[in-house]
Every structure is written in structure tokens, then in C-alpha cells.
Amino acid sequence: MDDKMMKINLLIDCQRYPLNIHREDELLYRDAAKLINKTLNKYRSWRPELSSENHWAMAALELAFDLTKMKDKNDTQPYLNKIEELAKELDNYINKE
């Protein structure tokens, strides 16, 4: 393994997951594992009668929903298109004079 990679063990739902990751991503992986555990625990406390599989499915749905919502908010393509359009208009205006 090179200097850019490292091994970590994440504890998710009382299960250890060994991973080889890029060093700069370590905090992101650890935060992601904490978020999974927090979300699972939330559904376990809200709906203790459900199975573990149901808790996992509900947690996965919530996290996927949040990710999808954030992707829509971070879509910069419309802004880039508008900037390009305005730049062309500006170029046309400057070249006319």
C-alpha cells in the first residue's frame, strides 16, 4: 500500500468493516459511519418492533433521500450555462464597438 492509502476499521451496527482508503478521506469515512449508526439508532428507538432489516432499509432510504436532495441543490450547470450565455453577449457587445 502506498503512502496515499491507509487501512481503517469502521464500526457500523456493532460490526467491524476493514477498509483501504485514501488518507485524505479518513474523516469523511468516519463521519459517514457515525451518521449511519446515528440514523439506525434513531429508527430503532422510533420503531423498536421492526426488524433489523427494516431499520437498515429506513436508514438507507433517509440517507439516500438526503443525498439526492443535496445533489439537486449543488447542480451548478444552469449557472454555468447562464454565465456562458452572458459572456457571449458581452463579447458580442464589445466586438460591435
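As the structure is a prediction and not an experimental result, all values here were calculated from the model. Side chains included, hydrogens not; waters and symmetry mates left out as well; all remaining heavy atoms used.
At a threshold of 4.0 Å, the pair Lys82-Glu85 counts as salt-bridged, since one of the basic side-chain nitrogens sits closer than that to a carboxylate oxygen.
For the pair Leu10/Arg16, no side-chain contact is recorded, criterion being any heavy-atom separation below 4.5 Å from C-beta on. A heavy-atom distance below 4.5 Å is found between the side chains of Glu26 and Met6. Using a 4.5 Å heavy-atom threshold, the side chains of Ile36 and Trp56 count as touching.
Judged as a side-chain hydrogen bond (donor to acceptor under 3.5 Å, both in side chains), and not counting sequence neighbours, Ser45 has no contacts. Residues passing the side-chain hydrogen bond (donor to acceptor under 3.5 Å, both in side chains) test with Lys34, sequence neighbours excluded: none. A search for side chain to side chain contact (heavy atoms under 4.5 Å, CB included) contacts involving Leu80 returns Thr76, Gln77, not counting sequence neighbours. Remark: Arg44 engages Asp13 in a salt bridge (charged side-chain N to carboxylate O under 4.0 Å, His left out) (not counting sequence neighbours). With sequence neighbours excluded, no residue forms a salt bridge (charged side-chain N to carboxylate O under 4.0 Å, His left out) with Lys4.
To the nearest 0.5 angstrom, Asn54 atom CG is 12.0 Å from Leu61 atom CG. A distance of 12.0 Å separates CD1 in Ile94 from CD in Glu89, rounded to the nearest 0.5 Å. Note: Lys42 NZ to Lys38 NZ = 8.0 Å, rounded to the nearest 0.5 Å. Interatomic distance, CG of Leu40 versus CD of Glu62, reported as 10.0 Å (0.5 Å rounding). Atoms CD1 and CG, from Ile8 and Asn20 in turn, are 9.0 Å apart once rounded to the nearest 0.5 Å.
No donor-acceptor distance shorter than 3.5 angstrom exists from the side chain of Asp25 to the backbone of Ile21, with no hydrogens or angles considered. Judged by distance alone, the side chain of His55 and the main-chain N or O of Pro48 form no donor-acceptor pair under 3.5 Å.
Judged as a ring-ring contact (aromatic ring centres under 6.0 Å, His included), the pairs with a partner in residues 17-45 (not counting sequence neighbours) are, in order, Tyr43-Trp46.
Heavy-atom minimum distance, Leu50 versus Met58: CD1-SD, 3.6 Å.
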